[in-house]
Amino acid sequence: MKKTAIIYSFNTVKTKKIAEEILEVFGNEDIEMVNAEEITFEKFVSYENIIMGVSTWFDGELPNYWDEFVPDLEELDLTGKKIAIFGLGDQINYAENFIDGVGMMGEIVEERGAVLVGFTSIEGYSFENSKALRGNKFIGLAIDYENQGSKNKERITNWVNQLRTELD
Ligand SMILES: Cc1cc2nc3c(=O)[nH]c(=O)nc-3n(C[C@H](O)[C@H](O)[C@H](O)COP(=O)(O)O)c2cc1C
């Protein structure tokens, strides 16, 4: 694979755990783990493939740690980049906004020219609405630690196998 990063906040607990599991399934030490709270403009564009960890907080909002970088992101030229987003959410307590953060981040990077990869089926989830929906798919990987933690491993493994073929 070309130069690849997994970008997430090192200060999270669950998102960090999923990022580490993704790396483990890739089994690829060439993938860099990058802290979303320290990422710079230059560093972000240095990767060809970017896997982003984006949970949803505050009833359908991006977590605060993205606040600083999102304005930068909205200025970047991401043409030619492949981006895959995984997001943590809670489909029972936040059924109306399930993994909205994935949809919001996806929209931002697509507007800047990136190609989103890693779409997954909504089968096996139960929710009312999500900004991450496109047709009958999520535009990334949905992880519901609170309610379906036992499915994490299988979902991550399937997603990584899919990304192996979809990333450059
Ligand atoms: C105050 C609060 C608001 C939340 N809002 C949403 C939401 O709108 N949509 C969603 O899918 N999950 C929501 N969640 C669930 C979190 O995304 C979920 O707990 C996730 O595992 C957090 O992962 P993190 O701690 O790594 O960021 C919310 C959780 C809390 C505590």
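When a ligand or atom number is given, it counts from 1 through the structure's own listing order.
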*Out of curiosity, is G60 lining ligand 1, as in a heavy atom under 4.0 Å away?*
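Checking ligand 1 against G60, which is what was asked, there is a heavy-atom contact under 4.0 Å.
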
*Is there a heavy atom of D100 sitting under 4.0 angstrom from any atom of ligand 1?*
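Flag not set, D100 not near ligand 1.
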
*Ligand-residue contact atoms, ligand 1 with K14, heavy atoms, under 4.0 Å*: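 It comes down to these atoms of ligand 1: 21 (O), 26 (O).
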
*Heavy-atom contacts with F98 under 4.0 Å: which atoms of ligand 1 show up? List them by number with element.*
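Selected atoms, number and element: 11 (O).
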
Got the closest protein heavy atom to [atom], with its distance?
| atom | answer |
| --- | --- |
| atom 30 (C) of ligand 1 | Y94 OH, 3.5 Å |
| atom 19 (O) of ligand 1 | E146 OE2, 2.7 Å |
| atom 11 (O) of ligand 1 | I99 N, 3.0 Å |

*Of L88, D90, T56, which has the heavy atom at the shortest distance from atom 14 (N) of ligand 1?*
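Looking at heavy atoms only, the winner is T56.
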
_K3 atom NZ, over 12 foreign heavy atoms within 6.0 Å_ =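 Buried by this count: over 12 neighbours within 6.0 Å.
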
*Taking atom CD of E68 as the centre, report whether more than 12 heavy atoms of other residues, nucleotides or ligands fall under 6.0 Å from it.*
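It does not: E68 CD has 12 such atoms or fewer within range.
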
*asked:* Give me the atom names and distance for the closest heavy-atom approach of V102 to T56.
replied: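 Smallest heavy-atom distance, with atoms named: N-OG1, 4.5 Å.
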
*asked:* Could you report the tightest heavy-atom contact between Y145 and I18, atom names first, then the distance?
replied: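 That would be CE1-CD1, 3.7 Å.
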
For ligand 1 and [X], I'd like to know whether there is a polar contact (N/O to N/O, distance under 3.5 Å).
| X | result |
| --- | --- |
| T15 | yes |
| N97 | yes |
| S55 | yes |
| W57 | yes |

*How are the rings of F127 and F98 set relative to one another: parallel (under 30°), tilted (30 to 60°) or perpendicular (over 60°)?*
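If you compare the ring of F127 with that of F98, the planes turn out tilted.
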
*If you measure from the Lys or Arg side-chain nitrogens to the Asp or Glu carboxylate oxygens, is any gap between E32 and K43 under 4.0 Å?*
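Looking at K43 together with E32, the answer is yes, because their closest N to O distance falls below 4.0 Å.
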
*Sole candidate of F86, Y125, W159 that passes ring pair (Phe, Tyr, Trp, His ring centres under 6.0 Å) when paired with F138*: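 Considering F86, Y125, W159, a ring pair (Phe, Tyr, Trp, His ring centres under 6.0 Å) with F138 is found only for Y125.
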
*Ring center gap for F44 and F69 short of 6.0 angstrom*: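 Yes: the rings meet the under 6.0 Å criterion.
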
